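Heads up: the structure comes next, in structure tokens.
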Amino acid sequence: GFALLDVWELCTAYYVKANHFSRKAMESVMADAGLRPGVLYRRDVAEYAEAYRLAHQADGEARPTLRGGIAVQQAASMAHPVSMVVAGSAGGKVRSAARLVAEAAIRSGLWATQRDDYPVTVQSGHSLAELVLSPEEMPLLNVRVPDVLVLLSEDGLRRAAASLARMRPEGVVLTLPELGGIETPARVEVLDPAAAGIRLGKGELALAMLAAAVARLELLPAEALRDAAAGGPYGEANLTAVEAGLALAGR
């Protein structure tokens, strides 16, 4: 089941020198608000995914076009799991770009897991996302040796250095011109965002490079990427980034 934690703490990201709010003052505010510390409620319940599967076992094939609430509209030809690591910097929308590719995989009839790694600093340091796309359901895994690594920044390079060294010769690294001198047993492909014909900002680069990787390696149908990108308040910007990535991949 779920655990809900209400954490009261002083924020160390901004204005810490000017913040004279102390722990004692914070505890006083909590007491005045009737918020006592400690465990307030505990209940043992079934693990969520297991309970969900049991609840919907009777559905059988009644909803064949849905997977986790996402419509399956395309068909990927993937025969075995493919692991991907996207390594960039905080603020570069690395995790949201990976999430859109995971959604595109689900829309293509695949299973997808995502695991993120980023520091507690604000807008600085690395941002890394691990994706596993598979034709069969599988648990969340720690990707030590990725099949594909998309390298976006020096921060990402520092964080992914161990993965680069462990990659196999059949693996693929897609990166930018300024990072093209990396050493790895895998095949390195350098993509120049300028060749996309539009200016890609920091927030669009991760999605464009991921779209290029997916298209270049023929992992997913391009239409599934477009469908996943089009939703939500950032749909227009995401679609622009996807189209730029497809252009980089020659699609």
Side-chain angles (χ1 to χ4, degrees), residues 67 70-89 91-112 114 127-135 146-153 156 160 170-180 186-251:
R67 178 164 291 177
I70 298 175
V72 178
Q73 299 169 320
Q74 309 292 331
S77 57
M78 187 178 294
H80 54 79
V82 174
S83 60
M84 305 180 70
V85 169
V86 191
S89 297
K93 296 188 176 180
V94 169
R95 293 178 294 140
S96 58
R99 182 190 62 78
L100 287 176
V101 170
E103 181 180 329
I106 295 170
R107 288 176 177 273
S108 304
L110 301 174
W111 296 85
Q114 178 175 344
S127 181
L128 187 142
E130 299 177 354
L131 282 175
V132 179
L133 313 180
S134 173
D147 299 310
V148 182
L149 196 152
V150 180
L151 189 58
L152 303 170
S153 70
E170 60 270 25
V172 180
V173 177
L174 286 95
T175 189
L176 307 172
E178 57 268 30
L179 301 172
R187 184 175 85 251
V188 177
E189 296 189 16
V190 177
L191 299 179
D192 187 353
I198 64 170
R199 183 183 178 279
L200 291 170
K202 181 180 179 181
E204 293 89 40
L205 183 60
L207 183 54
M209 290 290 286
L210 254 179
V214 166
R216 203 174 184 99
L217 301 173
E218 299 182 342
L219 301 179
L220 303 173
E223 203 56 42
L225 285 172
R226 294 186 177 104
D227 290 342
Y234 304 106
E236 185 176 349
N238 288 338
L239 269 175
T240 299
V242 165
E243 294 298 344
L246 295 175
L248 284 177
R251 297 290 189 271

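Since the model is a prediction, treat every value here as computed from it, not as a measurement.
- Ile198 and Ala244 make their closest contact through CD1-CB, 3.8 Å (heavy atoms, listed as atom of the first residue, atom of the second, distance).
- The side-chain heavy atoms of Leu151 and Leu176, taken from C-beta on, include no pair separated by under 4.5 Å.
- With sequence neighbours excluded, the residues forming a side chain to side chain donor-acceptor pair (under 3.5 Å) with Gln114 are Asp116, listed by chain and number.
- Of the possible donor and acceptor atoms, none in the side chain of Ser89 sits under 3.5 Å from a partner among the backbone N and O of Gly92.
- Rounding to the nearest 0.5 Å gives a distance of 6.5 Å between NZ of Lys93 and CD of Glu204.
- Nearest heavy atoms, Pro177 versus Pro193: CD-CD, 4.2 Å.
- The side-chain contact (heavy atoms from CB on, under 4.5 Å) test applied to Ala186 returns Met167, Val173, Thr184, not counting sequence neighbours.
- Put simply, CG on Asp192 and CG on Leu248 are 8.0 Å apart, with the number rounded to the nearest 0.5 Å.
- Between Val148 and Leu131, the closest side-chain pair of non-hydrogen atoms is not below 4.5 Å.
- Evaluation of the side chain to side chain donor-acceptor pair (under 3.5 Å) rule for Thr240 yields no partner, not counting sequence neighbours.
- When all heavy atoms of Ser127 and Arg95 are compared, the closest pair comes out as OG-CG, 4.1 Å.
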Side-chain donor-acceptor pairs under 3.5 Å in residues 205-219, sequence neighbours left out?
| residue | atom | partner | partner atom | Å |
| --- | --- | --- | --- | --- |
| Arg216 | NE | Glu189 | OE1 | 2.4 |

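- Contact between Ala160 and Leu149 at its shortest, heavy atoms only, is CB-CD1, 4.0 Å.
- Applying the side chain to side chain donor-acceptor pair (under 3.5 Å) definition to pairs two or more places apart or across chains, those involving residues 222-237 are Glu223-Arg226, Arg226-Glu243.
- Residues meeting the side-chain contact (heavy atoms from CB on, under 4.5 Å) test with Ala112, sequence neighbours left out: Ala102, Ala105, Ile106, Leu133.
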